[in-house]
Asker: 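Below you'll find the structure I mean.
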4 protein chains.
Amino acid sequence: MHTFGRRGYRVASMEEIAGLAGVSKPLVYLYLNSKEELFTACVRREARALAASVRDSVDPRLPADRQLWAGLTAFFTHTAENPDGWAVLHRQARTHGEPFALEVAAMRDEMVARVASLIGAAAREAGTGRTPELAARDMTGLAQALVGAAESLAGWRHEDGTVSARDAAATLMNFAWVGLGELLRGERWTAR
Amino acid sequence: MHTFGRRGYRVASMEEIAGLAGVSKPLVYLYLNSKEELFTACVRREARALAASVRDSVDPRLPADRQLWAGLTAFFTHTAENPDGWAVLHRQARTHGEPFALEVAAMRDEMVARVASLIGAAAREAGTGRTPELAARDMTGLAQALVGAAESLAGWRHEDGTVSARDAAATLMNFAWVGLGELLRGERWTAR
Amino acid sequence: MHTFGRRGYRVASMEEIAGLAGVSKPLVYLYLNSKEELFTACVRREARALAASVRDSVDPRLPADRQLWAGLTAFFTHTAENPDGWAVLHRQARTHGEPFALEVAAMRDEMVARVASLIGAAAREAGTGRTPELAARDMTGLAQALVGAAESLAGWRHEDGTVSARDAAATLMNFAWVGLGELLRGERWTAR
Amino acid sequence: MHTFGRRGYRVASMEEIAGLAGVSKPLVYLYLNSKEELFTACVRREARALAASVRDSVDPRLPADRQLWAGLTAFFTHTAENPDGWAVLHRQARTHGEPFALEVAAMRDEMVARVASLIGAAAREAGTGRTPELAARDMTGLAQALVGAAESLAGWRHEDGTVSARDAAATLMNFAWVGLGELLRGERWTAR
DNA sequence: AATGAATGAGGCTTCATTCAT
DNA sequence: TATGAATGAAGCCTCATTCAT
């Protein structure tokens, strides 16, 4: 039913959705009781699929930067392979009312938290004792930035088309892990 | 007419828009001929206002990082002061049809280009000769990431409410300019 | 204000009418109190103009067929010179509600009556005593037929464009005065 | 749906049409997609019904005057039995926009052509060699006159109410076939 | 288990008409 | 005298949703 992704929540009519799914309208109502529930189900499914893709790609025994690299690659791969699902999550669900927005916000917050804890882990790994003051909120802020950057790059890839998932992930790793400052001084983060 | 920001393009009825504006429906049609034109006008106005805020805050004679800092601060300030306008640009316009999406995409692309050229300038400033290979597309990718991170932080601020524009800008400068790697080693970017 | 003729009663908006007349809407309402009255005035004026054209062209001292010829010629001339007026009378007024239809029906009935009395006069002129039974209603029927034929030919002229008023009148005189039967046997009615 | 005939195209609201038809508005849109299509369908149906009535009543093996007589009788009968349909064709369709007007014009033109060819046939039947100059356009003009006369008499019948279809047809046959001139000299065309 | 047929509610838009000046 | 500004009322159309089978 990813008609939603292509047409948008409001424009996609139940007529069209049912038609493209090859069934009749009342049947849709038999299984999912309203357009709202139908959309909620779509959103939830896509959210879970994306979260699972990312989660499953990450080996928690690896160092933090390698975990982040793996997660980003999975994220870019998944969004590229499921453009409609990504559109539903990123565009439609957040625009059409609280119920859907909350659904996707939960998933996103979880991702942010995961990234934040990854940053915390990295801080401990790098722990020279010089960064005790990196508070929880700072880490959340950084994680928000990183997630937003990833979302933006996903959209960019979608339009450009010539950027591979690894390219996008590398760009972001360089951006985030090395930092523009170091980057400009010639530093590079490498996958291995 | 920022009813659009709070209610969404589809849900906001002309009745409601006119009512909240204190006038009658036909009067709205007298000035702006259709719901689409009305929304386009809103989008355009908000896009220009945001672009102007950011542009006016930046002194092109400063070094690149200071320009970025100024622009980000202005961005976070403007979006916080115009939450409805920001919602129109970031949520509504990109979700409800090409005409609007193109309008806002143009503005965003311009911002991305500006950031990319800023990165290019920074590269020349830092120019140790060790970074000749930072191609145009790399810079665009980095700029996309930075802009996406800023958008994400703007949303985060909007929900959190306790983060000042300077905090958000500082978070992003640290994230982007210093890099998580350096950051975790205790480096900090400071506004001065 | 013959916008009515070209656009139709319903489609012609007061805005358009006033605009083309070079005045403002309230001014129109000052002189003629409503769209209905405005249209009634138009209809009445056109009806009178047409009736006057026809009436003035007829010399009651002539024999009946010459009177008919003169009236028809005037009719075809007037309708060709005032196509909008004719459209108002023949198309618009009869289609858009009783008030207007009655207005034009009165004029038309008067014309029919005039033609009927002309036929009566002709009967008396030709009076060989062999046609006592040509009742009033017969004459009205014949007059209705003649008037309808004239209306139809007026429309035909309007579309064709190459038929002169005299041609149309001659066609109708031949048709009516000589009769198809006689016509086909070679008879012709001539204007003199 | 001959609400159109009684109320007129513009005045008849879809609400009213659906209501009088005993169904709901959306149902009307399910079958006929817009007011315009609905009206077009009405016009076309009425046009075909009238054309069929007339055509079926005419036996092409009969002499021309008998064919005309049959056709006229059918015409007057049909229009009297379907006053709304006739109103739609003669009043509404020709007044409310090209699409409808063209539809009915096609049917009328066909009738005119048929009558014209009938006149041509009559000319050949009566052919004494004295009427070679009855050109195609003359015949079209005569046919236009005859059809207009018939339309007018149909309206007259509609108002008067006491004139039978045969009376009207007879009036017109006398008018057209015998001619007023001969008529006044006592000639009559008889149905047999 | 599945659907053709039907509708209540609501949105966009237009227009004749009137104030206030 | 003349008008810019404003609106109540109404029409066309769509869609999520439900019966009756």
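Keep in mind it's a predicted model, so treat the numbers as computed, not measured.
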Asker: Would you please name every residue forming a side chain to side chain donor-acceptor pair (under 3.5 Å) with N33(B), sequence neighbours left out?
Answerer: E37(B)
Asker: Can you run through DNA chain E from 5' to 3' and write each base as (, ), [, ], | or . depending on how it pairs? Watson-Crick or G-U wobble, both distances under 3.5 Å.
Answerer: .||||||||||||||||||||
Asker: Taking side chain to side chain donor-acceptor pair (under 3.5 Å) as the definition, give me every residue that meets it alongside N82(D), ordered by chain and number, with sequence neighbours left out.
Answerer: none
Asker: In chain order, what residues pass the ring pair (Phe, Tyr, Trp, His ring centres under 6.0 Å) check against H90(B), with sequence neighbours excluded?
Answerer: W86(B)
Asker: Could you work out, with ring pair (Phe, Tyr, Trp, His ring centres under 6.0 Å) as the rule, every residue matching F100(D), not counting sequence neighbours?
Answerer: Y9(D), F39(D)
Asker: Test of understanding: with side chain to side chain donor-acceptor pair (under 3.5 Å), list the residues that count as partners of R48(D), not counting sequence neighbours.
Answerer: none
Asker: Once ring pair (Phe, Tyr, Trp, His ring centres under 6.0 Å) is applied, do any residues pair with W156(B), and if so which ones, sequence neighbours excluded?
Answerer: none
Asker: Please name all residues satisfying ring pair (Phe, Tyr, Trp, His ring centres under 6.0 Å) with H78(C), sequence neighbours left out, ordered by chain then number.
Answerer: none
Asker: For nucleotides 5-13 of chain F, just jot down a letter per nucleotide in 5' to 3' order: B, S or -, based on protein non-hydrogen atoms under 4.0 Å.
Answerer: -BBB-B-SB
